[in-house]
Every structure is written in C-alpha cells, then in structure tokens.
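Working notes for the structure below.
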Amino acid sequence: MTENSEPSGAQKAFGDFAPAFVEFTDNVLFGQVWPRTGLSPKERSLITVAALTTGGNTDQLTYHLGLAKQNGATETELLEAITHLAFYAGWPKAMSAMAVAKQVFTHRD
C-alpha cells in the first residue's frame, strides 16, 4: 500500500493482526494470480463465484459478486451461474448464494 492509497480489504480486515496473510492476499492472490493473462478478469470472476458458491463460502461472495460486475459479468449471467450450480453444488448452497446475490444486487449505491 502506498501512502496515498486506500487500504485493501485484507488490510482493513486483518491489518496488524495477520500481516503475512494480508501480504499474500494483496501481493500474491490479487497482485500475481488475478492479473495473469490465461483467463480474462470476467472469466476469473465467474470461476471464483462458482467456487465460492460450491464451497458455501458466502462471506466472500458479497465482494466477489461486485468484483464480477466490475469485470464485465452481468447480473443475469451471475444469477444464471448460481442457478446452474444448484444442480451440481446442491440446492442449499445455491439458495445461500442467491440470497447474497439478491442482497448485493438490490442494495446498489
């Protein structure tokens, strides 16, 4: 983080509590993995939303649904992906993910 930049989400959440975790999140995951050129940002976002949905990890889903939209995924595509995953990941996980999506998409700024 530079002096004039906003702290990352990891920095805000864990700051001095887990500095190595923050460094890996900011520098490796978002600094090296996400910028790779083998997949587009939209494709990475759709895969991430799918992984979070199938794992039942709805805490991170709020952020990643927003990031997916920034990366070019439409709400329709994201809702369709979650609906499709209901048949592969399980209905309860998709229901939980859909509840998060509804909250994210209906509480826009």
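Numbering of residues begins at 1 and proceeds along the displayed sequence.
- Side-chain contact between Leu52 and Thr58: absent, with no pair of heavy atoms (C-beta onward) separated by less than 4.5 Å.
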**OP:** Go through the steps for Lys69 and Leu78 under the test side chain to side chain contact (heavy atoms under 4.5 Å, CB included), then give the verdict.
**Re:** CA-CA 9 Å; Lys69 286 188 65 178; Leu78 293 163; 4.0 Å; yes
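- Ring planes of Phe30 and Trp34: parallel class, angle under 30° (limits at 30 and 60°).
- Lys93 NZ to Asn57 CG: the interatomic distance, rounded to the nearest 0.5 Å, is 8.5 Å.
- When atom types are taken as modelled, the side chain of His107 and the backbone of Gln103 share a donor-acceptor pair closer than 3.5 angstrom.
- Minimum heavy-atom separation, Ala101 to Leu65: CA-CD1, 3.6 Å.
- Taking all atoms of both residues into account, the shortest heavy-atom contact from Val22 to Gln11 is CG1-OE1, 3.3 Å.
- Counting only heavy atoms from C-beta outward, the side chains of Lys12 and Glu6 approach each other to under 4.5 Å.
- Val49 and Ala68 make their closest contact through CG2-CB, 4.4 Å (heavy atoms, listed as atom of the first residue, atom of the second, distance).
- A pairwise comparison of heavy atoms in Asn71 and Lys42 identifies O-CB, 3.2 Å as the closest pair.
- Crowding of Phe14 atom CZ: a count of heavy atoms from other residues, nucleotides or ligands under 6.0 Å not exceeding 12.
- Met95 and Tyr88 fall within a single hydrophobic cluster, where Ile, Leu, Val, Met, Phe, Trp and Tyr are joined by side-chain heavy atoms under 4.5 Å apart, directly or via other members.
- When every heavy atom of Glu43 is checked against every heavy atom of Ser40, the shortest pair comes out as OE1-N, 2.8 Å.
- Follow the hydrophobic side-chain contacts under 4.5 Å out from Leu46 and you never reach Leu67; the two are in separate clusters.
- Atom-to-atom distance recorded for Leu85:CG and Trp91:CH2 is 11.5 Å, nearest 0.5 angstrom.
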Subject >> Residue pair Leu79, Met98: steps toward the side chain to side chain contact (heavy atoms under 4.5 Å, CB included) verdict >> reply: CA-CA 7 Å; Leu79 295 176; Met98 197 63 80; 3.4 Å; yes
